[in-house]
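Read the structure below first, then the notes.
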Amino acid sequence: MVSDLKSTLSLSEIPMPRELQAGDTTATDVTATTLGARICQGLAERGVEVVFGVPGIHNIELYRGLEASGLRHVLARHEQGAGFMAIGYAAATGNPGVAFVITGPGLCNVMTPMGQAYSDSVPLLVISSCLDPTGSSATRGRLHEMKDQEGAAETVCAWSATAYDSEGASGLLERAFRELATSRPRPIHIQVPLSALAAPASPLVFPSADVLSCPPEVSSNDVQTVAREIGSARKPIFIFGGGAHGADESARAVVDRSQAAVFTTLAGKGIISGSHGRNFGATLSRPQSQAILADADLVVVIGAELGETDLWREQLGHQCPLIRVDIDPGVLADSHRADLPLLGDAARFLRHLDRAFLFGNDDGGWDEQMVRAARDAFRASADAARPGIARAADVLVNAMGKGALVFSDMTQFAYVGREIALFDSPGRWHHPSGFGALGYALPAAIGASLAPNPARVIAVAGDYGFQYTLPELATAVELGLGLPIVIWDNAGLKEIEDAMVGLGIPPSAVEAPGPDFGKLAEAYGAGYRRPRDLTEFDKAVATGLARERPTLVHLTPPLTGT
């Protein structure tokens, strides 16, 4: 019997990969410092403090250097969870998130988070092992073998490259951290062959760290030109995206002096206070926004991609000059055709513009009462499209208090909540908008909770999507995180069902009754609350934030109360 054979084999008798077998010329010399350990040292030198990952027989040499380098490692239950944790950590800190994965399936599993990081402009560094190169077809069938691992990774990241020795690892890590600091953040993948990881290596050598933070700047002449254009406009509109984070004080000063109106993307929400009298909110996707933009005499877009998931239409809707400032040259060359495209870091541009814009506009053309009425209408549209969520989202935002962060999954609760929520500071609600990966919320919230001086963090997921990365609940329990995990339970794929009905398709494969979430929480050692109304929901979130373990807050619509 196969089972009998397995029971007779000890771990020491299971063959190891050829590259790691004792006695092989490439086997590790335990008296020397290996390249894997040197990479850990190099990460620590570049300011990395936390690494997320899953160890395996192919990447264990990376783990040789963890303790000596002072890196903290967080064990995920799946590589997809490790990648999303690294994204959440990066979102909360502004620093690159780092993940360790193995050859083949490990890399494939983390490619979903890599795709999410690419679309969301998150600085993510994935380091994996890879098989040693060979030109012989006789070696086919090796453990974790892929036809082109480097090429596969490159489909979802800025670049993917292989380090064969200490010099190569130094150069690739230097390039990675330089680009993550000076250009639009994108995920990066570096892989190291098994024999190279285990081989003795000299220390990695990097240039001085002060050369890293040099993003491109808009020239002072162009800043002055923009200031003059804004000053002469009667009804200017700013559109702020996630690239403007870090300059919200300057953004608010310029908006107030120019009497401009504002839209933000969902990533730019909070750069201008949500309650500001001329802020239309993160509502560019509403069809009515086109008429508002058509009424402007100048539109200035700062750090916003204006992609499909920002607009859900091809054209912005303006009929006036368009100025765009962005760190990504590809954005400046898109179909919106800016009249004045300016390459540069959006936050630095805003700080320069604040200093250059020395005069005010006392003859603003935007009626704040009209703006408030439009904002109310946008909220009503969101509520009508997905009834019963808006008030629950209000309760969640109020329960969060100042400074707390939300990480949400692809779920109807998030679609409404992230649009209508009013925040006074940026970076408060994080959502997998572009790539649209399920399973994001829980692990990303875990990663954010591990930031130095962490903010309070809340996860929001649907009953179906939550189960994509459900095992990471064990990680949250293990770490003792006071993390409320709000589960919006509509017993299936309600958004897809609604879309099918809207298109005249008989609903199919959209009913998916979930598990007993209470027993599930108990099995993992987490808390559990099932609010019957909005008042109990408010208390459940507050209680969950105060605990030292995660709490499943199980919502079954409709919820009553005020």
Side-chain angles (χ1 to χ4, degrees), residues 17-20 35-36 39 51-62 76-87 90 96-165 168-169 171-173 175-177 179-180 183-197 330 432 434-440 443-444 468-469:
R18 180 179 58 80
E19 297 90 338
L20 300 180
L35 180 57
I39 288 173
V51 173
F52 305 88
V54 178
I57 196 64
H58 273 190
N59 70 348
I60 54 176
E61 282 300 330
L62 287 169
R77 271 40 179 188
H78 189 281
E79 289 91 356
Q80 188 179 86
F84 284 140
M85 288 178 198
I87 288 175
V98 180
F100 286 172
V101 299
I102 63 164
T103 319
L107 179 69
C108 288
N109 287 339
V110 83
M111 282 173 63
T112 294
M114 289 169 69
Q116 193 61 61
Y118 190 92
S119 68
D120 290 351
S121 301
V122 176
L124 172 65
L125 175 60
V126 173
I127 299 178
S128 79
S129 53
C130 66
L131 297 181
D132 288 320
T134 175
S136 172
S137 60
T139 59
R140 289 292 182 192
R142 293 180 292 171
L143 179 65
H144 301 330
E145 186 173 51
M146 292 178 66
K147 290 175 64 177
D148 184 359
Q149 179 171 292
E150 184 180 302
E154 191 155 12
T155 62
V156 286
C157 65
W159 51 267
S160 172
T162 305
Y164 293 97
D165 52 27
L172 291 177
L173 284 175
R175 177 187 172 191
F177 282 97
E179 291 186 14
L180 290 172
S183 58
R184 182 178 182 179
R186 300 287 204 186
I188 290 169
H189 169 242
I190 297 173
Q191 62 180 17
V192 188
L194 299 181
S195 59
L197 270 177
F435 203 53
L438 281 166
Y440 166 92
Y468 269 55
T469 49

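Note that these values count all heavy atoms, side chains included, but never hydrogens, waters or copies made by symmetry. Positions are given from 1, in the same order as the sequence printed here. What you see is a predicted model, and the numbers here were worked out from it, not measured in a lab.
The heavy-atom pair separating Met114 from Ala153 by the smallest distance is CE-O, 4.0 Å. Minimum interatomic distance between Gly439 and Thr469 (heavy atoms only, all atoms of both residues): O-OG1, 2.8 Å. The two residues Thr162 and Pro193 have their closest heavy-atom pair at CG2-CD, 3.7 Å. Considering every non-hydrogen atom in both Ala76 and Gly81, the closest pair reads CB-C, 4.2 Å. Summarising the geometry of Tyr164 relative to Ala196, their closest heavy-atom pair is O-CB, 3.4 Å, with the distance given to 0.1 Å. Between Ala90 and Pro96, the shortest heavy-atom contact is CB-C, 4.4 Å.
Summarising the geometry, atom CD1 belonging to Ile188 is positioned 4.0 Å from atom CG belonging to Leu180; distances are rounded to the nearest 0.5 Å. Atoms CZ and CD1, from Phe100 and Ile60 in turn, are 13.5 Å apart once rounded to the nearest 0.5 Å. Atom CD of Glu79 sits about 13.0 Å away from atom CE of Met111, to the nearest 0.5 Å. In this structure, Cys130 SG and Ile102 CD1 are separated by 12.5 Å, a value rounded to the nearest 0.5 Å. Rounding to the nearest 0.5 Å gives a distance of 10.5 Å between OH of Tyr468 and CZ of Phe84. Here the straight-line distance linking atom CD of Gln191 with atom CG of Leu197 works out to 10.5 Å at 0.5 Å rounding.
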Exercise for the section: Carefully, step by step, assess Leu35 and Glu61 under the rule side chain to side chain contact (heavy atoms under 4.5 Å, CB included). Expected result: CA-CA 8 Å; Leu35 180 57; Glu61 282 300 330; over 6 Å; no
Exercise for the section: Mind running side chain to side chain contact (heavy atoms under 4.5 Å, CB included) on Leu194 and Leu131 for me, showing each step along the way? Expected result: CA-CA 6 Å; Leu194 299 181; Leu131 297 181; 4.1 Å; yes
Exercise for the section: Please step through side chain to side chain contact (heavy atoms under 4.5 Å, CB included) for the pair Ser129 and His144, ending with a clear verdict. Expected result: CA-CA 10 Å; Ser129 53; His144 301 330; over 6 Å; no
Handout entry: Stepwise side chain to side chain contact (heavy atoms under 4.5 Å, CB included) check, Ile127 with Asn59
Key = CA-CA 9 Å; Ile127 299 178; Asn59 70 348; over 6 Å; no
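The residue from His189, Glu154, Glu179 that alone fulfils the side-chain hydrogen bond (donor to acceptor under 3.5 Å, both in side chains) condition with Trp159 is Glu179.
Panel note: side chain Ser160, backbone Glu150; a donor-acceptor pair is recorded below 3.5 Å. Side-chain N or O atoms of Gln80 include none that pairs as donor or acceptor with a backbone N or O of Pro113 at under 3.5 Å. At least one donor-acceptor pair closer than 3.5 Å links the side chain of Asn109 to the backbone N or O of Pro105. Side-chain N or O atoms of Arg186 include none that pairs as donor or acceptor with a backbone N or O of Cys157 at under 3.5 Å. The main-chain N or O of Ala437 is found under 3.5 Å from a side-chain atom of Gln116 such that the two form a donor-acceptor pair.
In this structure, a donor-acceptor pair under 3.5 Å is present between the side chains of His58 and Thr103.
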